[in-house]
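Below, read A as the first sequence line, B as the second, and so on, with proteins coming before strands; counting in each chain starts at 1.
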Number of protein chains: 2
Amino acid sequence: MNSDMLIRITRYYRALNRLRAIGLEKVFAHNLSDAAGVSAAVVRKDFSILAIHGQKRGGYEITELIDKLSALLGKGEPQNVIVVGCGRIGKALMHYSGFEPDGIRVVAGFDTDPIVYSDASHPVPVYPLSRIEEVIEALDVRVAIITVPEASAADTAEKLMEAGIRGILNFSPITLKPRPVAEGENPCVIHNINIALELEQIFYQLQFPDAIKG
Amino acid sequence: MNSDMLIRITRYYRALNRLRAIGLEKVFAHNLSDAAGVSAAVVRKDFSILAIHGQKRGGYEITELIDKLSALLGKGEPQNVIVVGCGRIGKALMHYSGFEPDGIRVVAGFDTDPIVYSDASHPVPVYPLSRIEEVIEALDVRVAIITVPEASAADTAEKLMEAGIRGILNFSPITLKPRPVAEGENPCVIHNINIALELEQIFYQLQFPDAIKG
DNA sequence: GATAAAATGTGATTGATGTAACATTAACTG
DNA sequence: CAGTTAATGTTACATCAATCACATTTTATC
């Protein structure tokens with residue numbers, strides 16, 4: 001499995017849920033192809049790799065597809081996350097309602113500033129960072145979103161990993177890297193979202209339209 | 001040029017600026033390799049492709065590198081962006097100060113809600129969406145950040161493109177695709193950031209640690 | 001029932017990209 | 001001044017994913 005493929009799977013999954021909501025029962029590769037923005041051959045090949053089979057000329061059964069994909073995507077497990085750093089972006093994420101359809105719940109926030117974590121107006125409880133271990137154990141959390149300032153991002157990530165966090169979505173502008181672990185152990189899964197970098201890439205592509213392929 | 005390569009270039013560029021700030025004048029491939037998280041061979045190969053040459057055993061001159069990379073990245077052009085949709089995330093981005101080092105400026109916000117665009121407490125002027133054409137012409141803007149709700153994202157993108165926006169950074173959960181254009185024309189450059197999708201990927205990778213390569 | 005059409009499923013090919021090995025050049029050292 | 005070391009620069013290779021073409025199977029139609 002490739003990370004591009006994982007993204008496609010997720011798109012299939014969403015499209016399928018929409019289609020089921022409309023009342024459809026069967027789906028063809030070219031339907032999903034439209035929804036996911038890829039060719040129909042890719043859809044079939046993905047399913048082929050995943051050992052998901054349809055009926056020739058009959059397409060795929062939506063319910064069966066959804067079941068298999070949701071097992072594959074690990075749906076059903078509790079997907080709790082915390083937000084570390086309750087500045088503007090952190091607060092926005094704590095209020096964000098777009099996670100619900102995916103079964104993801106923001107269950108707590110953390111901040112080092114007493115003014116912030118004593119404020120009771122947050123949509124979820126906010127704790128001082130020092131209580132991190134206790135809280136993530138109580139709430140069964142393994143994934144954190146980092147929205148702290150650049151200067152404290154590396155330290156924060158370190159603290160989180162020590163406390164038992166296994167996955168990090170990092171919005172700070174420095175690129176966090178998983179530290180090397182012993183053979184057989186799994187490193188922390190880190191995704192970095194760098195907004196400024198994305199904008200830079202857009203500006204670049206506008207200036208040199210033919211420079212990028214893909 | 002590849003989009004992965006572009007990301008690497010940008011990382012080199014940042015690392016170089018930090019190194020220059022410290023007072024260094026020369027840099028070796030393995031220094032940048034550490035900073036960008038790639039192997040030294042990749043750094044040399046990238047520079048080789050870009051026709052950037054160093055001195056054997058002497059490394060590369062930082063100033064020269066920065067000059068060439070900044071020309072390559074299109075620095076120096078005004079990099080003005082607007083934020084369309086001034087909810088929590090939109091507001092957070094209007095306040096965000098992390099763009100400055102990269103020469104990116106948020107110059108205006110847009111919203112359809114009169115309560116929002118009449119509020120004077122924003123860090124940049126906020127206009128009704130209907131004034132989009134007029135404003136982007138006056139401010140020389142070609143790139144927009146979309147932070148509107150899912151339901152209005154597609155329409156908003158359509159309006160922006162009609163108004164002359166050429167690049168979009170989309171935070172809404174639907175994946176925007178550039179519409180096909182005539183031969184010779186350049187399609188709108190669109191980057192989609194889907195936070196829920198990123199989290200889903202992290203959860204997946206945690207559940208199946210060996211499933212993903214890359 | 002024969003034929004055509006419409007879909008899946010897969011094997012082969014292509015293309016691109018990262019990796020590594022090696023050749024090359026410059027500087028340092030005794 | 002010779003030898004060694006430390007860096008660049010390039011070539012060749014291996015890997016991986018996307019694409020295409022085509023075989024296969026099922027259904028529809030006359």
[atom1] of [X] versus [atom2] of [N]: gap in Å, rounded?
{"X": "A:M5", "N": "D:dA18", "atom1": "CE", "atom2": "P", "result": "9 Å"}
{"X": "A:D46", "N": "C:dT8", "atom1": "CG", "atom2": "P", "result": "13 Å"}
{"X": "A:K26", "N": "C:dA6", "atom1": "NZ", "atom2": "P", "result": "17 Å"}
{"X": "B:E61", "N": "D:dA7", "atom1": "CD", "atom2": "P", "result": "17 Å"}
{"X": "B:I49", "N": "C:dT17", "atom1": "CD1", "atom2": "C1'", "result": "9 Å"}
{"X": "B:R44", "N": "C:dC22", "atom1": "CZ", "atom2": "P", "result": "14 Å"}
{"X": "A:L50", "N": "D:dA17", "atom1": "CG", "atom2": "P", "result": "13 Å"}
{"X": "A:H53", "N": "C:dT10", "atom1": "NE2", "atom2": "P", "result": "6 Å"}

Closest to the B:R8 side chain, choosing from D:dT8, C:dT8, C:dG18: C:dG18
Taking the side chain of B:H30 as its heavy atoms from C-beta onward, which of D:dA7, C:dT10, C:dG18 lies nearest to it? D:dA7
Assess whether one donor atom and one acceptor atom, taken from the side chain of B:K45 and the base of D:dT10, lie less than 3.5 Å apart. no
Counting neighbours of CD on B:E100 that are heavy atoms of other residues, nucleotides or ligands and sit closer than 6.0 Å, is the number greater than 12? no
Using modelled atom types and a 3.5 Å cut-off, is there a donor and acceptor pairing between side-chain atoms of [X] and backbone atoms of [Y]?
{"X": "B:D111", "Y": "B:G85", "value": "no"}
{"X": "A:T10", "Y": "A:L6", "value": "yes"}
{"X": "A:S70", "Y": "A:I66", "value": "yes"}
{"X": "A:N192", "Y": "A:L176", "value": "yes"}

Base, sugar-phosphate, or nothing: which does B:Y60 touch, judged by heavy atoms less than 4.0 Å apart? sugar-phosphate
Name the nucleic acid region contacted by B:A29, choosing base, sugar-phosphate or nothing; use a 4.0 angstrom heavy-atom cut-off, strictly under. sugar-phosphate
Hey, can you tell me if A:F28 and A:H30 have their rings parallel, tilted or perpendicular (30° and 60° cut-offs)? parallel
Given protein heavy atoms under 4.0 Å, the one-letter contact record of nucleotides 24-30 of chain C, with B base, S sugar-phosphate only and - none, is simply BBBB---
Which heavy atom of A:L65 sits nearest to which heavy atom of A:Y60, and what is that distance? CD1-CB, 3.6 Å
Does D:dT10 have OP1 or OP2 under 4.0 Å away from a side-chain N or O of B:S48? yes
